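Encoded as structure tokens, the structure appears first; notes follow it.
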Amino acid sequence: MGTIVAQFLSGLAGAASLFLVASGLSIIFGVTRIVNFAHGAFYMLGAYFACTLANQWTGAIGFWGALLAAVAIVAVLGGALEMTLLRRIYRAPELFQLLATFGVTLVVQDLVVLVFGPDDLLGPRAPGLKGAVEIAGRAIPTYDLFLIAISPVVLGLLWLLFNRTRWGILVRAATQDRDMVAALGVNQKWLFTGVFMLGVALAALGGALQIPRDAVTHQMDLAIIVEAFIIVVTGGLGSVFGALVAAVLISELNAFGILAFPKISIVLIFLVMAVVLVVRPWGLFGKPTGTPRSTLGASIEPWRPMRAQGRLAVLGLVLLAALLPLVAGPYALSVGSEIAIFVLYAASLQFLISVGGLVSFGHAAFFGLGGYGAALLVTLLGWRMEAALIVAPLLALGGAMLFAGFAVRLSGVYLAMLSLAFAQICWSIASQWVDFTGGDNGILGVWPSAWASKPWAFYELALGIAVVGVALLRLVTFAPFGFMLRAIRDSDLRAEAIGIRRPSIQWAAFVLAGVLAGISGALFAFLKGSVFPDAFGVTTSVDGLVMVLLGGMGSVSGAVFGAGVYKALSTWLMSETDYSKLAIGLIIIATVVVLPRGLAGLRDFLPRREARP
């Protein structure tokens, strides 16, 4: 009984910080409709500023003053970000917001290393809360009890703010109908800035309160943001009370899952979110968000099949790429193979997003399933590369068929979050099923056959498969199936009115994209000779999204150019500087703001010939 009580109280203490972060994220989304992936960065900044100031200021006043000062500093930084960047993308699709704020996350990660150093920081103990209280025969830290009391206090203060102040009433009104609030003469810009600063302050407070419990690291932002998204989506976007309920639920699952199901404890929280989204797509206490915003550039010009001149130009480029082994060395060919692999991966994701209007934030699930499928066939069954490349994508096929059955019920940010949950479930299984997957050590010894072991031979193999895969996607795009998929993307009600069955068409699109992503994952495993749980990671999914954005959302094959430019640029930056994340993050932000149509949008800046009368 003592152990149960101790775990329960530990879960409640952990829920306090999660609730602060998630409530801020929920408030921001409820008003601005911004899906703020950078929220974890503000949590991290709050911890860093609080730890630095608390180690310099002594006594109780110094400690608590340091926490409040850290919250104020981060809130001001958040307001500056909102005014300079986020105001430009309020009307953009959710995908653009996710990518822009992810770019901010990358920038902050390197800036933290520059300002605070690469080493972890340890904060002081909270004055007056250093002891422990015995409950049910167990010593419970006094600071944990303090954290448990924080959540209801913050919830009460937020309720008073939103229900008993004029500003709060305006915020609630903006949550319901932003256009009507603007019509009444309310300055939306300052209202949104205030809401964003409040949400950021809550995230910073959550990070600051953690310094007596945990070390402060420059990787804590991604760890917290995934859990915060789980809580917000489970509780319901825009619902502060839902964030509290979900935070307690997730924290208790973490606390007791380690005791009851140690081998699948990480999987539990993602399963809970997936089940909630399937049963109640808008969360426990949320409301439907309405029609998702259309993808920029998708309807500017109607897509047409490539003309003869275009086909000849593409054929020429493919032939030039095939001749690369004549002039390139082993390293360049290895980079070229990786680019070809990610061209196929990004093209499959672009097919979902641009053609189908289906935003996936967990496309890495299929990439990882293909990689692990190939690795297991080679290492456990002793299969050759040729057979593994044919059979391994079937694992991705099975995952896509299973996931698509649930995904077709959702859209917009909820679909993106369900796909993230599916990828994280796969990541959790790969990380914790050590006997089968090797856990964090991965699976090694996944080597290609003798004929493909030479860099030039594997490059030609990867290039050939990528070309066939992209050609297949273009063929499907301009086939009747592709027209039906685009009809559903533009107006699912009209599509259903003329007899197009939306669920089955979107299900087939997910399956096709999943299989091609699985093939790219299998090729990547043979290229690297190994596979690790990172293949399912958030970074792998975001890389694909960045490639799609960089190439152009309104281009049928823009991901081909986006993948080539992004992988070549990131490889070069990582070899030239220790702050590659900073550079890549700035590139992502600039692309979202300046080139929302990606590289395909560069033609908009070219002078056009005026039609002759």
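Computed from a predicted structure; not experimentally measured. Sequence positions, counted from 1, serve as the residue numbers for this chain. The analysis underlying the following values was restricted to heavy atoms, covering all of them including side chains, and did not include hydrogens, waters or symmetry mates.
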Can you sort out the partners of [X] under side-chain contact (heavy atoms from CB on, under 4.5 Å), two or more places apart, ordered by chain and number?
X      : result
Ser239 : Phe241, Phe285
Phe116 : Tyr48, Phe49, Thr52, Val112
Val434 : none
Phe229 : Leu25, Val35, Phe37, Leu98, Ile225, Met417

Return the CZ to CH2 distance between Phe162 and Trp167, rounded to the nearest 0.5 Å. 5.5 Å
What distance separates Ser580 OG from Asp110 CG, expressed to the nearest 0.5 Å?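 One gets 6.5 Å once the value is rounded to the nearest 0.5 Å.
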Are Tyr43 and Ser17 side-chain neighbours, meaning at least one heavy-atom pair lies under 4.5 Å? yes
Within-4.5 Å side-chain heavy-atom neighbours: Phe96 and Ile89: no
If only atom types and distance count, is the side chain of [X] paired as donor or acceptor with the main-chain N or O of [Y] below 3.5 Å?
X      : Y      : value
Ser541 : Ala364 : yes
Tyr345 : Thr540 : yes
Thr577 : Leu573 : no
Ser251 : Ala247 : yes
Ser419 : Ala416 : yes
Thr217 : Asp120 : no

Show me the donor-acceptor pairs within less than 3.5 Å that the side chains of residues 55-81 make with the rest of the protein, sequence neighbours left out.
{"from": "Asn55", "atom 1": "ND2", "to": "Cys51", "atom 2": "O", "distance (Å)": "3.0"}
{"from": "Asn55", "atom 1": "ND2", "to": "Leu122", "atom 2": "O", "distance (Å)": "3.3"}

If I compare all heavy atoms of Ala100 with all of Ile589, which pair ends up nearest, and what's the gap?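 Here Ala100 and Ile589 meet closest at O-CG1, 3.8 Å.
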For Lys581, salt bridge (Lys or Arg N to Asp or Glu O under 4.0 Å) partners two or more places apart: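 Expected list: none.
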Could you list the donor-acceptor pairs under 3.5 angstrom formed between side-chain atoms of residues 191-214 and any protein atom two or more places apart in sequence or on another chain?
{"from": "Thr193", "atom 1": "OG1", "to": "Glu82", "atom 2": "OE1", "distance (Å)": "2.6"}
{"from": "Thr193", "atom 1": "OG1", "to": "Arg87", "atom 2": "NH2", "distance (Å)": "2.8"}
{"from": "Thr193", "atom 1": "OG1", "to": "Lys189", "atom 2": "O", "distance (Å)": "2.8"}
{"from": "Gln210", "atom 1": "NE2", "to": "Asp214", "atom 2": "OD2", "distance (Å)": "2.9"}
{"from": "Arg213", "atom 1": "NE", "to": "Asp144", "atom 2": "OD1", "distance (Å)": "3.2"}

By side-chain hydrogen bond (donor to acceptor under 3.5 Å, both in side chains), which residues pair with Tyr566, not counting sequence neighbours?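 Counting only residues at least two positions away or on another chain, Tyr566 forms a side-chain hydrogen bond (donor to acceptor under 3.5 Å, both in side chains) with Asp543.
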Using the ring-ring contact (aromatic ring centres under 6.0 Å, His included) criterion, which residues pair with His39? Sequence neighbours excluded.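 Counting only residues at least two positions away or on another chain, His39 forms no ring-ring contact (aromatic ring centres under 6.0 Å, His included).
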Applying side-chain hydrogen bond (donor to acceptor under 3.5 Å, both in side chains) as the test, list every pair that has at least one member in residues 124-136; sequence neighbours left out.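 The answer is none; no pair qualifies.
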Residue pairs fulfilling salt bridge (Lys or Arg N to Asp or Glu O under 4.0 Å) with at least one residue in residues 224-243, sequence neighbours excluded: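 Salt bridge (Lys or Arg N to Asp or Glu O under 4.0 Å) check on residues 224-243 returns no pairs.
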Less than 3.5 Å apart, which donor and acceptor atoms pair up between the side chains of residues 147-159 and the rest of the protein, not counting sequence neighbours?
none

